Each structure stands twice: as C-alpha cells, then as structure tokens.
Amino acid sequence: MTIVKILRHQGKVVALDLKGHAGYSEAGTDIVCAGLSALAQATVGALLKLLPEENVQYEQGDEDGTLSVALCDIEPTELTEAIFSVAVTGFEMIGQSYPEYVRVINKVCDVDGKEGKSC
C-alpha cells in the first residue's frame with residue numbers, strides 16, 4: 001500500500017510525502033503505482049521549473065517507493081497551491097478508486113514542512 005501524506009500549513013499545501021509500493025500488480029505493470037508516480041513527478045517538475053531550486057526540497061528512494069517534495073524557505077503562494085492542488089486531486093481520485101492500495105492522509109505541519117504536534 002502507498003501512503004500519501006499531504007502536509008498543510010494554514011490550510012495550504014507545503015509538502016507531499018509518498019511511501020510504499022501500491023502492490024496492485026507486479027513492478028513495471030502496476031497502474032496504481034504508475035499513476036501516483038506520474039502525479040508526484042509532475043508536481044516536482046512543475047515546482048522546479050517555476051521556483052528557484054533552493055526553494056524546493058526533493059528526495060526519492062526507488063527501492064522503498066518513497067518520494068517527498070516540500071517548499072523550503074518560502075511561504076505557499078497561489079502558484080504553489082495550484083500545482084499541489086492538481087496532484088492532491090489526482091491522489092484522492094486514485095485513492096477512491098483503489099482504496100486497498102492507496103491511503104491519503106492530510107496533516108497539519110509547521111511552515112517548513114515538518115509535521116506539527118497536531119499530527
């Protein structure tokens with residue numbers, strides 16, 4: 001199962017964290033994993049294209065199926081919210097269609113993307 005954490009500060013998305021392989025089918029043929037990956041990679045790409053590189057923190061672990069992206073040293077803007085919104089909508093739609101393979105969790109966090117006490 002893939003766990004998708006959406007981290008928000010003051011209602012705006014500041015980070016995404018995906019962990020685990022969906023397990024819908026074998027590696028290379030898993031449409032659930034492919035959909036999640038495409039959304040996450042497009043989000044990272046859009047943020048890196050439109051923001052200074054130092055304002056985007058990004059990590060990916062191919063072996064364990066992890067990917068995280070966070071805003072760094074900037075407040076969320078309408079632009080970042082629009083970018084994250086597309087991914088969040090896609091994650092939620094995939095999660096609704098494949099609930100046994102994807103779980104989407106919304107969290108409140110500090111402005112730097114770290115989970116806060118309310119998590």
Side-chain angles (χ1 to χ4, degrees):
M1 173 176 273
T2 300
I3 305 296
V4 179
K5 282 188 191 176
I6 301 159
L7 303 166
R8 297 177 188 271
H9 176 73
Q10 296 180 344
K12 295 194 185 268
V13 178
V14 293
L16 299 173
D17 186 40
L18 288 78
K19 288 189 179 173
H21 293 286
Y24 178 77
S25 66
E26 292 181 28
T29 64
D30 192 328
I31 61 169
V32 175
C33 191
L36 296 170
S37 283
L39 287 166
Q41 292 291 342
T43 301
V44 170
L47 291 170
L48 288 171
K49 183 175 183 176
L50 298 170
L51 298 175
E53 190 174 326
E54 62 269 12
N55 293 137
V56 181
Q57 181 181 4
Y58 163 68
E59 293 179 36
Q60 182 174 352
D62 293 327
E63 296 294 319
D64 57 0
T66 61
L67 184 145
S68 63
V69 60
L71 300 180
C72 186
D73 296 328
I74 63 167
E75 295 286 330
T77 65
E78 287 184 23
L79 176 65
T80 63
E81 190 63 14
I83 293 167
F84 280 126
S85 172
V86 172
V88 168
T89 299
F91 295 142
E92 290 171 342
M93 291 174 70
I94 293 171
Q96 289 169 358
S97 296
Y98 300 94
E100 60 276 17
Y101 302 102
V102 180
R103 182 169 169 215
V104 179
I105 302 169
N106 284 285
K107 299 271 189 173
V108 175
C109 67
D110 298 339
V111 73
D112 63 0
K114 293 187 173 90
E115 292 184 31
K117 292 180 181 175
S118 60
C119 294

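A quick note: this is a predicted structure, and the numbers were derived from the prediction, not measured.
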Next on the checklist: Counting only heavy atoms not in E54 (residues, nucleotides, ligands), do more than 12 fall under 6.0 Å from its CD?
Outcome noted: yes
Next on the checklist: Working to the nearest 0.5 angstrom, can you tell me the gap between E92 CD and I94 CD1?
Outcome noted: 11.0 Å
Checklist entry - Does the side chain of V104 reach to within under 4.5 Å of the side chain of I6, using non-hydrogen atoms? => result yes
Checklist entry - Where do V32 and T2 land on the side-chain contact (heavy atoms from CB on, under 4.5 Å) test, with the steps shown first? => result CA-CA 9 Å; V32 175; T2 300; 6.0 Å; no
Could you go through residues 39-53 and list every donor-acceptor pair under 3.5 Å that involves a side-chain atom there, pairing it with any protein atom two or more places apart or in another chain?
unit_1, atom_1, unit_2, atom_2, d
Q41, NE2, Q60, OE1, 2.8
T43, OG1, L39, O, 2.8

Item to check | Pairing residues for N106 by the side-chain hydrogen bond (donor to acceptor under 3.5 Å, both in side chains) criterion, not counting sequence neighbours | outcome: R8
Checklist entry - Minimum heavy-atom separation for C33 to A22, with atom names? => result N-CB, 4.0 Å
Checklist entry - Under the side chain to side chain contact (heavy atoms under 4.5 Å, CB included) test, which residues partner S97, sequence neighbours left out? => result none
Checklist entry - Going by the ring pair (Phe, Tyr, Trp, His ring centres under 6.0 Å) test, which pairs reach into residues 63-98, not counting sequence neighbours? => result Y24-Y98
Item to check | For T89, all residues meeting side-chain hydrogen bond (donor to acceptor under 3.5 Å, both in side chains), sequence neighbours excluded | outcome: none
Checklist entry - Honestly curious: do V14 and V86 fall in one hydrophobic cluster under the side-chain, below-4.5 Å linking rule? => result no
Checklist entry - Heavy atoms, side chains only, cut-off 4.5 Å: are L71 and T80 in contact? => result yes
Item to check | ring pair (Phe, Tyr, Trp, His ring centres under 6.0 Å): pairs with one or both residues in residues 42-64, sequence neighbours excluded | outcome: none
Checklist entry - Does V13 offer a backbone N or O that forms a donor-acceptor pair with the side chain of E81 under 3.5 Å? => result yes
Checklist entry - In the hydrophobic clustering (ILVMFWY, side-chain contacts below 4.5 Å, transitive), which residues join I105, or is it alone? => result M1, I3
Item to check | Main-chain N/O of C72 paired with N55 side-chain donor or acceptor, under 3.5 Å | outcome: yes
Checklist outcome for this item: Hits for side chain to side chain contact (heavy atoms under 4.5 Å, CB included) against T66, two or more places apart or cross-chain, chain-then-number order -> K19, D64
Item to check | Pairing residues for S68 by the side chain to side chain contact (heavy atoms under 4.5 Å, CB included) criterion, not counting sequence neighbours | outcome: D17, E59
Checklist entry - Do E26 and D30 come close enough that some side-chain heavy atom pair is under 4.5 Å? => result no
